[in-house]
Protein chains: 2
Amino acid sequence: MIERGKMMKEYRAVLKAVGLKATIQRLKLMEVIGHSGHITVDDMVVAVHESHPSISVATVYKNISQMLESGIVVEIPIVGQKSQYELKKMDHIHLICTDCGFVEDEQLDIAFDQKLNYAVTKDSFLITRSQINLYGLCYNCQTVVK
Amino acid sequence: MIERGKMMKEYRAVLKAVGLKATIQRLKLMEVIGHSGHITVDDMVVAVHESHPSISVATVYKNISQMLESGIVVEIPIVGQKSQYELKKMDHIHLICTDCGFVEDEQLDIAFDQKLNYAVTKDSFLITRSQINLYGLCYNCQTVVK
DNA sequence: ATATGTGCAAAGGGTTTGCAGATAT
DNA sequence: ATATCTGCAAACCCTTTGCACATAT
């Protein structure tokens, strides 16, 4: 589990732990993802280019795939939009604004967890990961006049 | 809200209600989606072709878009897979098997709803739709020896 | 009658792949 | 030293678009 805003050294350790070499491209990528919280591939490419203009799109894709496989990055599929990606952390809820697209994290509390376990028992379904997305309007988009 | 297994006449009414003409292509599509529960675009194309071989892929895409816009069909984005689509019904939970890909519906109960409302109040976030996907292993994939 | 919808084929855009040269360990 | 990684460009999807013909109302 990685927390937001970790520094390079810690990303190095994370990569090492899953057997991936700590290349500049990978470190920049993790920095970008960690800093943003959640981000699309396109935005990753743009952001990474700011500090390392020569990184290729292919490299970004290859690395995202590897990081997904190794579990250090997680996909957030979103209705009507491209998926976003985030560094692996505790399961939590996403509040997704259908107007501006902003994604906010919300802690998944204990009562919720119990609820999830209930579903397990009931259906003989072994849950390994929960993905809770609530779509609606963020505070800004509720109040701003269009 | 549409229930699974409605017949042609009812699909006609649904289409009329949102101002879409009741073409054979659309009726077949709704039938296929309704019958399957949840289905990918590719599988829709295959299934529709069985009863109506001349329907074009472009038509399927155009119709899915329109049905999403008009709200009679809903997208289910899934981690690491293509999105699936279902006819609009009450919000519910999806149990997604990460092994065989099977998607099962689970009723969203009242306690859950209260929880969602709590998030609203707390964050001034106006929820319009909830999407809860639980990933794991279905009963079959837990027991089958590989 | 006419506004919509369909099918075709071409265009578009995002993602993947293969390979030679570069890099981390 | 060498297994792994990067960048490039081509290949590959899946999805969208434009247009002439067909269809639902």
Side-chain angles (χ1 to χ4, degrees), chain A residues 8-33 39-70 72-73 75-85, chain B residues 8-32 39-49 51-70 72-73 75-85:
Chain A
M8 286 292 202
K9 282 234 171 113
E10 307 191 53
Y11 291 144
R12 281 201 129 79
V14 172
L15 289 170
K16 188 168 198 174
V18 296
L20 293 175
K21 287 185 178 172
T23 63
I24 307 123
Q25 291 86 343
R26 283 186 183 138
L27 293 171
K28 291 284 178 195
L29 244 192
M30 292 185 76
E31 203 171 50
V32 163
I33 300 172
I39 187 169
T40 62
V41 173
D42 289 350
D43 289 346
M44 272 180 224
V45 172
V46 172
V48 165
H49 272 215
E50 280 169 18
S51 59
H52 189 112
S54 67
I55 189 171
S56 78
V57 180
T59 296
V60 172
Y61 277 108
K62 284 171 187 166
N63 281 320
I64 291 303
S65 292
Q66 292 170 318
M67 290 175 178
L68 286 172
E69 275 170 36
S70 62
I72 63 179
V73 163
E75 179 187 356
I76 314 170
I78 299 179
V79 170
Q81 298 178 36
K82 288 184 189 162
S83 285
Q84 298 196 196
Y85 299 85
Chain B
M8 285 293 203
K9 282 234 171 112
E10 307 190 53
Y11 291 145
R12 282 202 128 79
V14 173
L15 289 170
K16 188 167 197 173
V18 296
L20 293 175
K21 286 184 180 175
T23 63
I24 307 123
Q25 291 86 342
R26 283 186 184 140
L27 292 171
K28 291 284 178 195
L29 244 192
M30 292 184 76
E31 203 171 50
V32 163
I39 188 169
T40 62
V41 172
D42 290 349
D43 289 346
M44 272 179 223
V45 172
V46 172
V48 166
H49 272 214
S51 58
H52 190 112
S54 67
I55 188 171
S56 76
V57 180
T59 296
V60 173
Y61 278 108
K62 283 172 188 167
N63 281 320
I64 291 303
S65 292
Q66 292 171 318
M67 291 174 178
L68 286 172
E69 275 170 36
S70 63
I72 64 180
V73 163
E75 179 187 357
I76 315 169
I78 299 178
V79 169
Q81 298 179 36
K82 289 184 190 164
S83 285
Q84 297 196 198
Y85 299 84

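Values in this document were obtained by computation on a predicted structure and should not be read as measured data. Atom set for the values below is all heavy atoms of this structure, side chains included, hydrogens, waters and symmetry mates excluded.
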Open item on the list: Between the base of C:dG13 and the side chain of A:K82, is one N or O donor paired with an acceptor at under 3.5 angstrom?
Closed with: no
Open item on the list: Does a side-chain N or O of B:T59 approach OP1 or OP2 of C:dG7 to a distance below 4.0 Å, or not?
Closed with: yes
- [ ] Quick one: pull up CD1 in B:I64 and OG in B:S83 and give me the separation to the nearest 0.5 Å.
- [x] 11.0 Å
TODO: Would you mind telling me which of C:dA24, D:dC5, D:dT17 lies closest to the side-chain atoms of A:L20?
DONE: D:dC5
Task: Donor on one side chain, acceptor on other, B:T59 and B:Q25, under 3.5 Å - done: no
Open item on the list: Among D:dA24, D:dC14, D:dC5, which nucleotide has an atom closest to any side-chain atom of B:D42?
Closed with: D:dC14
Task: Nucleotide C:dT17, atom P - distance to CD of A:Q66 in whole Å - done: 12 Å
Task: Whole-Å gap separating P (C:dT6) and CG (B:L15) - done: 10 Å
Open item on the list: Rounded to whole Å, how long is the line connecting atom CD of B:Q81 with atom C1' of D:dC14?
Closed with: 17 Å
Open item on the list: Walk me through whether B:M30 and B:V73 qualify under side chain to side chain contact (heavy atoms under 4.5 Å, CB included).
Closed with: CA-CA 9 Å; B:M30 292 184 76; B:V73 163; 5.8 Å; no
Task: Whole-Å gap separating P (C:dT23) and CG (A:N63) - done: 16 Å
TODO: Check whether any side-chain heavy atom of B:I55 lies under 4.5 Å from a side-chain heavy atom of B:K28, and answer yes or no.
DONE: no
Open item on the list: Rounded to whole Å, how long is the line connecting atom CD1 of A:I24 with atom P of D:dG7?
Closed with: 9 Å
Task: Atom-pair distance (CD on A:Q25; P on D:dT4), nearest Å - done: 17 Å
Open item on the list: Quick check on DNA chain D: between A:V60 and B:K16, whose nearest nucleotide comes earlier from the 5' end?
Closed with: A:V60
Open item on the list: If the cut-off is 4.0 Å, is A:S54 near the phosphate of D:dG7, judged by side-chain N/O to OP1 or OP2?
Closed with: yes
Open item on the list: Both B:A58 and A:K21 contact DNA chain C. Which one's nearest nucleotide lies toward the 5' end?
Closed with: B:A58
- [ ] Give the C-alpha distance, both sets of side-chain angles, the deciding distance and a yes or no for side chain to side chain contact (heavy atoms under 4.5 Å, CB included) between A:L15 and A:K21.
- [x] CA-CA 6 Å; A:L15 289 170; A:K21 287 185 178 172; over 6 Å; no
- [ ] Tell me which nucleotide among C:dT25, C:dG5, D:dT16 gets nearest to the side chain of B:S65.
- [x] D:dT16
TODO: Starting from P on C:dT6, measure out to CD1 on B:I55 and report it in whole angstrom.
DONE: 7 Å
Open item on the list: Given D:dC5, D:dC19, D:dC14, identify the nucleotide with an atom nearest to the side chain of A:R26.
Closed with: D:dC5
TODO: Using a cut-off of strictly less than 4.0 Å, decide whether A:T23 has a side-chain nitrogen or oxygen near OP1 or OP2 of D:dT6.
DONE: yes
Task: Between P of C:dT23 and NZ of A:K62, the distance in whole Å - done: 15 Å
Open item on the list: Counting only side-chain heavy atoms from C-beta out, which of C:dA24, C:dC8, D:dT6 sits nearest to B:S56?
Closed with: C:dC8
TODO: Select from B:R12 and B:V41 the residue whose nearest nucleotide in DNA chain D is closer to the 5' end of that strand.
DONE: B:V41
